[in-house]
Structure formats: structure tokens, C-alpha cells
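To start, the structure under review is shown below, and the notes come after it.
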Number of protein chains: 2
Amino acid sequence: MSLNEFSLIKRYFTDIGKSRFAPILPQGDDAAIVEVPAGMQAVMSIDTLISGVHFPVNTSAADIAYKSLAVNLSDLAAMAATPAWFLVSLSLPDNDEAWLDEFSSSLKKIARTFQLELIGGDTCQGPLSITIQITGLVSKDRYVTRSGARPGDKILVSGMLGSAALGLAHSQKRIKLPESIAGICLGALNRPLPRLELAEFLSSYASAAIDLSDGLVGDLAHILKLSNVGAKVNQASLPVLAWIKENKAYQYALSGGDDYEICLSLPREHWARVVQWNQQYPDCQLSEIGEICESGYTLIQDKQTIDLDDWQGYQHFD
Amino acid sequence: MSLNEFSLIKRYFTDIGKSRFAPILPQGDDAAIVEVPAGMQAVMSIDTLISGVHFPVNTSAADIAYKSLAVNLSDLAAMAATPAWFLVSLSLPDNDEAWLDEFSSSLKKIARTFQLELIGGDTCQGPLSITIQITGLVSKDRYVTRSGARPGDKILVSGMLGSAALGLAHSQKRIKLPESIAGICLGALNRPLPRLELAEFLSSYASAAIDLSDGLVGDLAHILKLSNVGAKVNQASLPVLAWIKENKAYQYALSGGDDYEICLSLPREHWARVVQWNQQYPDCQLSEIGEICESGYTLIQDKQTIDLDDWQGYQHFD
């Protein structure tokens, strides 16, 4: 306990990342000053991760740092924004230097990867929790919302669904996965990849987008509600690990949460762009999982049709 | 426990405040979109308040909401910025509707008063804590930092010092204040007034400014360090309640913390502006408390001179 708040910030929270958009006044004053270039808009989001709620209490400092930034970056990805700056508020039970070292190194690494720059924050003593407020930039009116889906649009998702939820169930010993699959799923849980590479594609072609944090069924419902449309989802088309198919464990992909993939609606005329995308970005495949319709919200499961209107994704306070 | 996260946000966190700078896309999507008008810069800060750390556990929801916004607004005040938007991340042990009602009403009231608009946030179940990220706007390069103080500048503070710290000591039964004074001090503790009315004055005349959250001696030291100067502070000039003078309890004003007043340095040639200010704003008097000098940091106390270099204001993690 030899560090006070100021030396702690100086040692662990200085020089984290570098934005393409250099701050006018970086951290170290009462507030940071940034300039939004002419013709651009700022995209702002905030997310808190609490120990024991959003990650198991034994999660490593590196994984916590990674995930805190990744979930916020994922919100920017869903809006088609480019990362610029972030602020961190960190509450820590004590100033464990080894923990802070690991947290800080991991934060630096991911911030550098995504050209995101730390411009301020605060630290205090309290239960372990991390709040990150992130700001991205987007060319004027080129952002993508949840409200533009139209009947006839295809519904796509990036990557795989349900892997993170499988990882969580495995780590909580609710299921036992084969070792090789467990590794993949724990990776998906602790190191979700924010899909920022989709920004240009979303801006140009998507009619709506959302990031999948609470589970596909619940999150897609937000698009439907705000766009005032319905949807048909084909269970057999969901991009999932073979383990899910073999074990008929589709609930992990439908409502498991923590995927941090992007779900989007795409007008049919842009279908050819998906094929091009999938050739160009083999690590971020887009899969068609269904279609936007006038009304109703259903899942086509084998030969059954299931009403999804009352299905609940993961919700806090349930 | 009948509300889920989405209905909770809809009921308690919609339509909070109205910014002079309307958001392009307000809350309800993955992120909010705002536009910084041409010729302006964004001023960004974040602060967390944790129950039992930043406020006593029995503090009312209304006072918690008030203080969470006020401490953030105070950071903007110190930079000479105008409030625009904020995001809230709220961690709550349960969704107590009476608590949320009171919290939300209080947040609305202060947001409206300061023309600040809620544009996003998240809620989750966990120990009671509130993080607010605030964004203000300032005309290009008209912000005020901690680094511009020059030898010969006068040091000024707004309002009264030490009242909030007295209120805390009284509420923790460490001291017993007369009833009339206790009322004033608890008001200062729970309802600090962010000094946003100083923005134009600071922009035009101040060489440096900081908001006083950790106590005068420690906070002024940040100005001295970043400006590479020293200071002489006259204890007898500190604006304090008569109770502090009578009881020689200047430590509350020197290092008590939680004042949320503005401390600024002012080149001598602008002194006449202070007299004008004090006539125009009788509720936010500026008092001269000392002078910036080349080096050293001393307090003139009766006939003694005390070295402040090793004096510590309130610090977390001590």
C-alpha cells in the first residue's frame, strides 16, 4: 500500500494507447479536451463490469482489462464507428501492484491494437469494478442504428454464437466440455473480438445493427421493436460449434449472451457484398440466419415454429 | 423486483435534462451520437461515487443523485466549459422502486438546472455505486488548465472552504456543531454548488484553475506542480465559517476535501475584474487567499510560516 492515488495513476494509467485523433489536452487535468474533426460525429457509450456479476471473481487482471475495453468497442462496432478515446473509472479493494501491472499492460495492448487512447479517469478503493466510457467517431450521418430494418431484409450475424455462454457454463461446472472445445469457448468468453472491421460494410449496406451482449433472441428483439418489424430465425442456420449441434444445445446460441458479435439486417440487393466480405475476411464470416418480416417473431426449429415474442434473453434484475 | 433492466431504464432514465446541444441520436441504441459544433471542443471527465466511500451509506437517493452530477459538473466548471451531455452507469443492490423514483427525480432536477442531457448508460445489480461521465463544450482553445499559473498571480477561491468537511465530521459524530451551523455544513456536504457561472470569467482572466475536491492544500499543489511555480497562502484570508476561526479549526479548510469550489490563479492586472465579479455574483464571492511565487509552498499562520510541501490533502489509498 505504498502508492497513493496520484502515483498509481501515473504509474499504471499513463500512455495507454494512441488515437488517430490526438487529444488537445490529455489526462492530468480536471478533464480532457478533444476535438471532433469537421464532418464527423461522436459516438458515446458506457459499460460497467463488476466482479462476480460480469466476470467470475477469479478472472485474471489481464482478462478483465481486455473484456472491459472489448465490450465497449463492440458497442462502437455496432454503430459503425471508429474508436478514438476512452475514460476509465476503476474501483479496487486495494492497490495490489502485481494486479495493476497486469491490468495496465493488458489495457495498453488492446488500446494500441484498436488505436484507442486513454484520456482520463479516476480510481478509488471499493469493491472491484471497472467502468469504461468510450468515444468513437463516424462520418456525419453514416452511423447505423437499431431502427432501420425493413421487411424482406436478410438477418446476418458475424462469427459464432453461443461459444462464450458454453465457456461460462463450463467454468461454472454446469456442463463439461471436451478439452479442445473448452479452450475455444473460454477464449470466446474472456477475449471476445470486437468486430470493428465491419464499420465500413455496416455504414454502406446495413439497414440496422446491434451488438450481441444479452443473447441473440433478446438483442434482435430490440431491432424489431425499434424498426417496428418482425423476424423469422432459422435455428439450423445459426453459426455454432459442432458441439452445440450434436448436443442440441441451441439455447446457448439463442439466449446465452456475451457473444459480442454483430447482428445486422441487410437489404437483399446487397447480398453480393456479403459473399465478397466473406472471401476478404475469413475470420469474421457473416452468416444469414433469417429474414425480417412485417410482424411476428418466430424461430424455425426442425419442423416446429416457435413463438419468440415471450422468449427472454439474459436480463439483469430478473 | 418486477422491473427488468429495459423497463427500469425506460421508467427512470428517460427524458433527463435537455442540452442546449441536442444529441443527434439520444439513448436507446448501442451508443449515443452527438455533434460538437464547429469552433468548439469537447471537455470530458468521469467520476465514480461509491456508497460508504464517497457518501455515508444512509445518504438519501436524492442527495446521491445530486452529488454524483455536481462533482462532475464541478470538473467542467474548473475547465471553463459549458455542460452538454452525460452518461450514467448505475450499480444497485436491488431495484427498489421508491429509491429509483427519488434518484431519478433528483437527477432530472439538477440536469434541467444545468442544461445537461442524459444520453446513455447502463444499470446492473451490484454494490451501490454511480459513475457519471460528463461532456461539456468550450470555444476552441478557451479552456483553462492547471498549468498556466505565473509568479505574481493572485490565488483566489470561490465560496467558503471547509464547510463540507465540517458537515462530514459532524455527521460522523467526530465533532458536535451548533444546530444552525450543522445545517449549513450538511448542505455544503450533500449539495455542493458547481460553480459553472465562473466559466466566462475563467476563460477571460484566469491563468490556471482547479476544482477543490481533495482539499485546498493538495489541490493547489497540482496547479503548482503543473505550472512549475510555488505559492504563499494566508490562513487568515481563507473564506471560512466563523466557527472555524473561533475553534482554530483551519485544517477543515486546508485539507478537508469535498468543497467543490474553484481555486484559480489570476494575473494582477485583472484584479479589478474580481471586484466587479463580487458585486455581480454575491452568492459566489471570490476571495484572495495568497500569491503565486517562484518556488516553495508555504502557509502563513498567525506569525508562523509553515512548509506545505509535505502536507497531504485527502488521498485515496493512503
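Just so it is clear, the values below take in all heavy atoms, side chains as well, and ignore hydrogens, waters and symmetry mates. So that the names make sense, note that chain A is the first sequence line, chain B the second, and so on, each numbered from 1.
Of the possible polar contacts, none joining the A:D211 side chain to the B:D30 backbone as a donor-acceptor pair under 3.5 Å is found. In terms of modelled atom types and a separation under 3.5 Å, the side chain of B:D29 and the main chain of A:R146 share a donor-acceptor contact.
For A:T135, the part lying under 4.5 angstrom from a heavy atom of chain B is the side chain only. Neither the backbone nor the side chain of A:I134 comes within less than 4.5 Å of any heavy atom of chain B. At a 4.5 Å heavy-atom cutoff, the contact between A:V36 and chain B is made by side-chain atoms alone. If you measure heavy-atom distances from B:A209 to chain A, the contacts under 4.5 Å come from the backbone alone. In this structure, chain B has a heavy atom under 4.5 Å from the side chain of A:I50, while its backbone stays farther away. Neither the backbone nor the side chain of A:I223 has a heavy atom closer than 4.5 Å to any heavy atom of chain B. For B:M79, the part sitting under 4.5 Å from any heavy atom of chain A is the side chain, from C-beta outward, and nothing else. Using a 4.5 Å cut-off between heavy atoms, B:N72 makes no contact with chain A at all. Of the atoms belonging to A:A81, not a single heavy atom falls under 4.5 Å from chain B.
No more than 12 heavy-atom neighbours from other residues, nucleotides or ligands sit within 6.0 angstrom of CG on B:N228.
Here the closest non-hydrogen pair linking B:Q125 and A:V53 is O-CG2, 3.4 Å. Closest approach of A:T131 and B:S89 over heavy atoms only: CG2-CB, 4.0 Å. The shortest non-hydrogen separation linking B:E35 to A:M40 is CG-O, 4.4 Å.
Counting heavy-atom pairs closer than 4.5 Å to chain B, the top residue among A:V34, A:L25, A:V138, A:V43 is A:V34. For the set B:A38, B:G28, B:S74, the count of heavy-atom pairs under 4.5 angstrom toward chain A peaks at B:G28.
Here OG of A:S45 is found 8.0 Å from CG of B:D122. Values are rounded to the nearest 0.5 Å.
Counting heavy atoms from C-beta on, the side chains of A:I33 and B:T145 never come closer than 4.5 Å.
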